[in-house]
Amino acid sequence: MKPLVDLEGKRGLVVGIANEQSIAAGCAAAFAQCGARLAATYLNEKAKGWVEPVAQRLGAEWLAPCDVREPGQLEALFDEVKRKWGGLDFLLHSIAFAPREDLHGRVVDSSAEGFAVAMDVSCHSFLRMAKLAEPLMADGGCLLCVTFYGSERVVEHYNLMGPVKAALESATRYVAAELGPRGIRAHAISPGPIATRATSGIERFDALLERAASEVPGGRPVDVEDVGALAAFLVSDAAKRITGTIIPVDGGQHLIA
């Protein structure tokens with residue numbers, strides 16, 4: 001019998017690896033361990049030097065640039081998926097961005113331009129990817145994105161990303177409903193605080209990590225391997241009847257008031 005979580009032969013695109021400590025890297029490692037064929041992206045040539053060693057270690061078949069702010073680059077990425085693979089089975093969207101001055105200020109003080117940039121990169125890009133992935137998932141598939149509990153509770157210093165992640169979670173539900181008839185599922189994974197390159201831009205994130213460590217019922221904060229294990233399950237056939245969820249992987253921190 002095959003293992004319950006078997007991704008042998010499935011083709012997965014991982015968007016958002018920054019380095020080996022990133023959430024996307026942890027998910028990619030789990031996908032690879034379960035037998036998936038992988039492709040990964042890098043933001044620009046400067047970032048490629050950090051991403052390429054991770055992709056090579058995990059056996060990714062190819063790398064491609066993906067800056068969702070650059071016109072035509074996202075479309076070129078999915079053209080490459082079609083050319084190299086002919087189709088796609090799952091996608092991980094693990095990118096987010098807000099201008100520093102907007103991220104470090106009050107939400108009510110955020111600029112219209114900064115809010116729009118944060119929403120475009122962190123949320124609308126997931127919708128764009130879902131649309132581009134749809135024709136490549138003729139036999140169904142799974143779309144994953146990454147959120148945070150600052151979407152539903154006010155987390156000190158998370159600021160503008162709170163409303164943006166709330167929008168991403170809502171978008172995930174609509175994607176699941178709209179693409180469900182084509183056998184395409186969608187989920188948002190909500191990890192507890194994890195020290196990554198992305199979170200280094202959030203003020204006093206170390207304090208958030210310390211609080212999480214003291215609050216989780218299990219006594220141990222999550223890491224990228226924990227997130228990867230959940231991601232691998234969700235994109236597998238074992239989860240084929242599950243869609244439209246916002247799933248916490250935080251050691252139970254969401255239970256604590």
Side-chain angles (χ1 to χ4, degrees), residues 5 14-31 33-34 54 90-98 103-104 107 118 121-123 126 142-173 176 186-236 239 242-257:
V5 177
V14 179
V15 180
I17 295 177
N19 54 38
E20 61 183 10
Q21 284 85 37
S22 65
I23 288 173
C27 292
F31 298 148
Q33 184 178 346
C34 294
V54 180
F90 65 88
L91 163 75
L92 173 69
H93 171 288
S94 185
I95 59 174
F97 174 78
L103 179 61
H104 288 179
V107 173
V121 174
S122 312
C123 178
F126 180 60
C142 187
L143 307 167
L144 300 180
C145 62
V146 179
T147 185
F148 186 64
Y149 67 76
S151 63
E152 58 184 65
R153 287 182 281 167
V154 175
V155 175
E156 190 176 13
H157 304 300
Y158 199 58
N159 302 342
L160 180 58
M161 290 309 299
V164 171
K165 289 296 189 180
L168 178 63
E169 292 177 10
S170 181
T172 301
R173 298 184 186 99
H187 300 281
I189 297 175
S190 184
I194 299 174
T196 65
R197 184 177 178 182
T199 56
S200 65
I202 299 172
E203 289 185 309
R204 297 193 64 195
F205 193 79
D206 54 343
L208 195 61
L209 284 170
E210 291 177 7
R211 179 182 172 187
S214 66
E215 288 182 346
V216 291
R220 188 180 72 86
V222 298
D223 54 32
V224 296
E225 288 78 13
D226 297 318
V227 183
L230 174 60
F233 166 71
L234 290 174
V235 304
S236 75
I242 307 173
T243 191
T245 64
I246 315 300
I247 304 183
V249 51
D250 59 5
Q253 188 185 9
H254 67 282
L255 303 172
I256 309 301

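By convention here, the first residue in the shown sequence is residue 1. Quick caveat, the model's predicted, so the values are computed rather than measured.
Taking 4.5 Å as the limit, every side-chain heavy atom of Ile23 sits out of range of all side-chain heavy atoms of Ile189. Two residues are said to be in side-chain contact when any heavy atoms from C-beta on lie closer than 4.5 Å; Phe90 and Leu144 fail this criterion. No side-chain heavy atom of Thr172 sits under 4.5 Å from any side-chain heavy atom of Leu143. Side chains of Val224 and Gln21 form no contact here, defined as non-hydrogen atoms less than 4.5 Å apart. Taking the side chain as every heavy atom from C-beta outward, Ile242 and Phe233 approach each other to under 4.5 Å.
How far SG of Cys145 is from CD1 of Ile246: 6.5 Å, rounded to the nearest 0.5 Å. One distance of note links OG of Ser151 with CG of Leu168; it measures 9.0 Å at 0.5 Å rounding. For the atom pair Glu169 CD and Thr245 OG1, the distance stands at 10.5 Å (nearest 0.5 Å).
Partners of His187 by ring-ring contact (aromatic ring centres under 6.0 Å, His included), not counting sequence neighbours: none found.
The salt bridge (Lys or Arg N to Asp or Glu O under 4.0 Å) contacts involving residues 223-235 comprise Arg220-Asp223, Arg220-Asp226, where partners must be two or more places apart or lie in separate chains.
Relative ring orientation between Phe148 and Tyr158 is described as tilted, the plane-to-plane angle lying within the 30° to 60° band.
Nearest heavy-atom pair, Arg153 versus Gln253, reported as atom, atom and distance to 0.1 Å: NH2-O, 4.5 Å. Scanning all heavy atoms of the two residues, the minimum distance from Ser236 to Val5 falls at CB-CG1, 4.2 Å. The minimum heavy-atom distance linking Ser122 with Ala96 is given by the pair OG-CA, 3.4 Å. The two residues Ser22 and Gly16 make their nearest non-hydrogen contact at OG-O, 4.3 Å. Shortest non-hydrogen contact noted between Ala231 and Cys27 is CB-SG, 3.8 Å. Here the shortest heavy-atom pairing between Ala24 and Leu92 reads CA-CD2, 3.9 Å.
A donor-acceptor pair under 3.5 Å is absent between the side-chain atoms of Lys165 and the main chain of Glu152, judged by distance alone.
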Fill in: Check against side-chain contact (heavy atoms from CB on, under 4.5 Å), Val227 and Val146
CA-CA 10 Å; Val227 183; Val146 179; 5.8 Å; no
